[in-house]
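These notes concern the structure reproduced below.
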Amino acid sequence: LDSSQNATLAGDFAVSGGNVGIVTSSNSSIGLYVNRTFATSGDTAVSINPTFTAASGTNYGLSVVPTASTNNVQTIYGVTVQPVTAASAITVTNNYSFYASSPSFGSSSTVSTNTGLYINNQGTGGSGTITNAYGIDIAAQSGAATTNVGLRNAGTTLLTNATAST
């Protein structure tokens, strides 16, 4: 630690058998827990900015692989997002639980196909059994003062192959 209580690490950092708390004590049920008040527009709680230099292969900015071990588990969420406001008069102009920004490729870059959201086959990739597989399952939308729409596309929609309804 330096005189301002800042720590600088060079190399790898590992926590084995413990948890990490940032601006709070660690939470025994959360591996990495960030609990901080941000007061400046544009602040970010967690930013992941890797640079990949491999000439080939696949790279992941964030990979989330929750694994059920030997006990029965009712539900597994790979990622869950729940924006919340305080119980006071707050106006939020736009809320996006998931937002795919436009890519920013260098002037000499060529990308054959760019997809904002890709849903792979949701059938089993292993030897287990899946009874129902849905690539996208949208709950009935209700509760908005004016418009409740499950899927809105401001551009062109192209549906290929057969579609089924349940």
Side-chain angles (χ1 to χ4, degrees), residues 1-71 73 75-85 92-130 132-138 151-161:
L1 293 178
D2 65 18
S3 61
S4 299
Q5 298 299 306
N6 296 312
T8 301
L9 301 173
D12 297 331
F13 174 73
V15 175
S16 178
N19 300 291
V20 176
I22 299 176
V23 189
T24 186
S25 59
S26 66
N27 182 319
S28 63
S29 65
I30 300 173
L32 174 63
Y33 185 61
V34 178
N35 184 9
R36 177 179 171 216
T37 300
F38 296 93
T40 305
S41 178
D43 284 347
T44 303
V46 176
S47 178
I48 301 171
N49 300 296
T51 299
F52 303 110
T53 59
S56 63
T58 302
N59 299 296
Y60 301 93
L62 175 64
S63 177
V64 179
V65 186
T67 302
S69 60
T70 57
N71 297 317
V73 176
T75 304
I76 297 174
Y77 293 108
V79 176
T80 181
V81 177
Q82 182 184 23
V84 175
T85 63
V92 177
T93 304
N94 295 297
N95 174 65
Y96 305 102
S97 291
F98 291 96
Y99 180 85
S101 294
S102 297
S104 177
F105 301 123
S107 61
S108 297
S109 298
T110 300
V111 176
S112 297
T113 303
N114 184 70
T115 304
L117 174 65
Y118 179 82
I119 311 290
N120 207 339
N121 179 358
Q122 297 302 296
T124 185
S127 58
T129 301
I130 295 176
N132 300 299
Y134 302 102
I136 296 177
D137 189 6
I138 302 172
L151 182 63
R152 175 179 177 256
N153 179 7
T156 302
T157 299
L158 172 64
L159 301 174
T160 59
N161 298 329

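- Nearest heavy atom pair, residue Gly61 against residue Ile48, reads O-CG2, 3.3 Å.
- Between Gln122 and Gly135, the shortest heavy-atom distance links the atoms CG-CA, 3.9 Å.
- Ile130 and Asn132 get closest at one heavy-atom pair: CG2-O, 3.2 Å.
- Residues Leu117 and Phe98 form no side-chain contact, since every pair of their non-hydrogen atoms from C-beta on lies 4.5 Å or further apart.
- The environment of OH in Tyr77 is sparse: at most 12 heavy-atom neighbours from other residues, nucleotides or ligands sit within 6.0 Å.
- Closest heavy-atom contact between Asp43 and Phe38: OD2-CB, 3.3 Å.
- Nearest heavy-atom pair across Tyr60 and Phe52 is O-CZ, 3.4 Å.
- Contact record, Pro66 with Ile76: CG-CG2, 3.7 Å, taken as the closest heavy-atom pair.
- Remark: Tyr99 OH is loosely packed, at most 12 non-hydrogen atoms of other residues, nucleotides or ligands lying under 6.0 Å away.
- The structure places OG1 of Thr156 at 9.0 Å from CG of Leu158, a figure rounded to the nearest 0.5 Å.
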